[in-house]
Amino acid sequence: MKKNLTIETLASLCKRRGFIFQSSELYGGINGFWDYGPLGCELKNNVKAAWWKHVVQCREDMVGLDATIIMHPAIWKASGHADGFADPMVDCKVCRKRFRADQLCEEQNLELIKTETGVALPEGAKCPACGSKDLTEPRSFNLMFKTFVGPVEDATNQAWLRPETAQAIFVQFNNILATSRQKVPFGVAQMGKSFRNEINPRNYTFRSREFEQMEIEFFIRPDEAVELICGRVTTLADNPDLTSPPQESWGWEVWHRYWVEQRLAWYRSIGLPADSLTLYWQVGDELAHYARTCVDIEYAFPFGIQELEGIAARGDFDLTQHQLHSGKPMEVFDEALKQAADKLEPAEREAFADKVAAQWVAENKSETDARAFVGNLFKGKYLPHVVEPSAGTDRLALALLCNAYDEETLTDDKGKTDTRTVMRFHPAIAPIKLGVFPLVKNKPELYAKAREIFMQLQRRWNCFWDESGAIGRRYRRMDEAGTPWCATIDFQTLEDGTVTLRDRDSMQQERLTLEELIDKINREIT
RNA sequence: GCGAGCGUAGCUCAGUGGUAGAGCUCCACCUUGCCAAGGUGGCUGUCGUGGGUUCAAAUCCCAUCGCUCGCUCCA
């Protein structure tokens with residue numbers, strides 16, 4: 001196992017074998033955009049299909065959505081992206097370092113000046129690195145791509161390409177609830193392209209300007225509703241079994257941790273070893289103001305340990321924002337909650353309301369809001385809270401490529417050594433499942449039999465036909481493509497129908513009938 | 001966007017002012033009874049792009065695009 005892989009080595013193989021090309025390369029390329037070649041698009045499609053199957057099709061409590069990339073611009077006002085996604089930056093003209101204007105002011109106890117066009121630095125602001133006061137004016141970098149809907153390019157027609165897929169799930173929440181026959185707790189999954197005009201795309205495909213996401217919004221009851229229904233709220237302190245089916249008494253903390261475990265289990269199932277993944281719990285300032293907690297699942301890339309997926313508990317922030325901005329109610333009616341509340345005596349209700357109010361006040365929230373919230377709960381109504389597992393598809397594809405890459409030194413009978421490059425993909429995501437070769441190509445019956453078998457197997461999985469060069473060379477070519485098995489048709493095939501199946505990782509061979517081969521591969525790729 | 005480095009064949013790279021090269025890959029045919037590099041033949045570049053200096057530019061200068069690193073960012 002050779003694991004001092006550089007990203008350059010990987011990029012070279014990716015181009016040579018057709019996994020990833022630079023976008024628009026013919027015209028000199030375009031920064032931050034990448035294309036997936038013949039092998040790469042198979043890999044990525046397999047990853048997406050595996051994710052969809054795992055989070056939507058194999059679950060009763062998840063449904064899907066495929067929303068548009070361009071949506072009503074008001075959505076990005078409500079979500080905070082239109083304002084919050086633009087970080088004003090200043091550069092120090094002396095030491096050439098760059099800072100976020102808001103952070104710089106905060107550190108120096110200064111107030112950032114709001115102007116008509118943006119922000120300005122107050123008197124006395126200086127460079128945190130060298131102390132110079134020779135700073136540029138703050139310049140805004142809005143990370144959203146701007147476009148225009150319709151023929152006229154004016155402000156009223158301006159729209160944005162979505163910077164994340166998730167907002168559409170909130171925006172369509174009422175429609176999904178009305179049509180999917182789901183009840184809270186349940187989730188909505190979506191995958192698709194997102195766009196961010198990154199200041200500086202880096203690290204191969206890792207930070208791209210056009211990228212693909214696989215996102216889930218999993219809607220849960222507020223803990224107070226759980227308490228009314230179940231009489232208690234299961235927290236992490238109760239040490240719940242997270243591998244069991246979800247329980248009605250789970251509070252948000254448990255749901256959040258459950259999804260972390262679900263996601264880790266899935267990464268393992270497609271071949272990322274547990275020890276290549278780390279969990280990073282965001283703390284303090286790193287947490288967005290609306291997030292209760294957020295865990296990053298990180299992978300050890302050649303250029304450093306970097307995030308694959310963030311799993312945030314976002315409370316009811318997003319639905320609240322959209323309810324506020326759209327003026328449309330986004331609350332759900334929960335029959336079980338209504339029934340539980342109806343059973344309470346007036347004194348019990350009052351005690352519950354007092355308890356919640358006290359909690360909210362302790363968290364610096366308004367008592368009036370708390371009492372309104374509880375009043376709604378007693379009617380069976382609330383805004384669902386949400387756990388958001390949000391993964392980067394291209395980042396995952398890159399991690400899988402890095403993880404698969406291996407170089408092996410082999411020594412032949414004569415003591416000569418050579419290096420075998422092999423992409424050890426999990427069979428479930430391997431771009432090609434099976435190479436099919438005639439042992440030799442100048443024997444017509446053998447060739448015809450091999451073609452017949454290839455045509456038959458190709459209907460089942462993505463297969464690759466190769467008749468050129470020595471058999472060993474053909475095996476090695478498939479190793480670089482990450483094909484887990486190769487079937488070779490030889491003279492014995494003509495007699496008894498068996499083929500040689502060669503295993504990519506062990507290089508071992510076994511003779512199998514076609515039925516045995518089909519069973520084996522079907523077993524391994526699911 | 002700012003600073004630094006880099007850009008020659010599909011890949012890895014040599015070539016520092018005078019007719020563009022090597023290895024591997026790839027393709028065709030032969031050979032090949034199971035782990036690459038045996039034979040014969042073949043394709044591939046306006047040296048990232050555009051402009052300038054020069055009798056002459058891959059080579060020197062300017063601009064631009066792309067890549068890498070740092071600032072920054074985080075799906």
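Lettering follows sequence order; numbering is per chain, from 1.
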Using a 4.0 Å heavy-atom cut-off across all strands, classify [X] as base, sugar-phosphate, or nothing.
X	result
A:L308	sugar-phosphate
A:Y204	sugar-phosphate
A:E215	nothing
A:L410	nothing
A:E164	nothing
A:T488	base
A:T205	nothing
A:R474	nothing
A:R502	base
A:T419	base
A:Q509	base
A:A470	base

Which whole-number value in Å describes the distance from A:F491 CZ to B:C34 C1'?
->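 Distance check: A:F491 CZ to B:C34 C1' gives 12 Å.
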A:L143 CG to B:U72 P, straight-line distance once rounded to whole Å =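 So the CG-P distance, A:L143 to B:U72, works out to 15 Å.
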Counting only side-chain N and O atoms of [X], is one of them less than 4.0 Å from OP1 or OP2 of [N]?
X	N	result
A:R202	B:A75	no
A:R504	B:C35	no
A:N203	B:C69	yes
A:N31	B:C67	yes

Could you tell me whether the side chain of A:T393 reaches within less than 4.5 Å of the side chain of A:K44, counting heavy atoms only?
->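 Yes, their side chains come closer than 4.5 Å.
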Checking contacts here: which listed nucleotide ([options]) is nearest the side-chain heavy atoms of [X]?
X	options	value
A:Q22	B:A37, B:G66, B:A75	B:G66
A:V440	B:G66, B:A36, B:U32	B:U32
A:R473	B:U25, B:C27, B:C74	B:U25
A:E198	B:C73, B:C35, B:A36	B:C73
A:K15	B:C27, B:C11, B:C67	B:C11
A:R16	B:C11, B:C26, B:A75	B:C11

With under 30° as parallel and over 60° as perpendicular, where do the rings of [X] and [Y] fit, or are they tilted in between?
X	Y	answer
A:F145	A:F33	tilted
A:F173	A:F186	parallel
A:W259	A:F218	tilted

For the [atom1] atoms, the ones on [N] and on [M], what distance do you get once it is rounded to whole angstrom?
N	M	atom1	result
B:A9	B:G21	C1'	10 Å
B:A58	B:A4	P	27 Å
B:G17	B:C60	P	8 Å
B:G52	B:U12	P	32 Å
B:G45	B:G1	C1'	34 Å
B:G7	B:C62	P	16 Å
B:C34	B:A75	C1'	45 Å
B:G66	B:U72	P	23 Å

Can a salt bridge be assigned to the pair [X] and [Y] using a cut-off of 4.0 Å between side-chain N and carboxylate O?
X	Y	value
A:R476	A:D418	yes
A:R424	A:E408	yes
A:E212	A:K48	yes
A:R511	A:E516	no

Is [X] side chain donor-acceptor paired with the [N] base, going by distance under 3.5 Å alone?
X	N	value
A:R196	B:C74	no
A:T500	B:C34	yes
A:R17	B:G10	no

Can you tell me the Watson-Crick or wobble partner of [N], both distances under 3.5 angstrom?
N	answer
B:C69	B:G3
B:G17	none
B:U40	B:A28
B:A75	none
B:U49	B:A63

Pairs meeting criterion ring-ring contact (aromatic ring centres under 6.0 Å, His included) with involvement of residues 426-458 of chain A, two or more places apart |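 Checked against ring-ring contact (aromatic ring centres under 6.0 Å, His included) - neighbours excluded - the pairs reaching residues 426-458 of chain A are A:F437-A:Y475, A:Y447-A:W465, A:F454-A:W465.
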So, do A:Y475 and B:A36 meet the stacking rule of ring centres under 5.5 Å and planes under 30°?
->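 No, aromatic ring not over the base.
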Taking only heavy atoms on the protein side, list every residue of residues 441-453 of chain A lying under 4.0 Å from any atom of RNA chain B, sorted numerically.
->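 Nucleic-acid contacts, sorted: A:K441, A:N442.
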Between A:G32 and A:T393, name the one whose nearest nucleotide on RNA chain B is closer to the 5' end.
->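 It is A:G32 whose nearest nucleotide is closer to the 5' end.
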Using the closest heavy atom to pick a nucleotide of RNA chain B for each, name whichever of A:L439 or A:E212 lands nearer the 5' end.
->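 Residue closer to the 5' terminus by nearest nucleotide: A:L439.
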Go through the steps for A:N46 and A:E42 under the test side-chain hydrogen bond (donor to acceptor under 3.5 Å, both in side chains), then give the verdict.
-> CA-CA 6 Å; A:N46 291 343; A:E42 293 289 343; 5.1 Å; no
Measure from NZ or CZ of A:R263 to the centre of the six-membered ring of A:Y267 and say whether it is under 6.0 Å with the direction within 45° of the ring axis.
->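 Yes, a cation-pi geometry.
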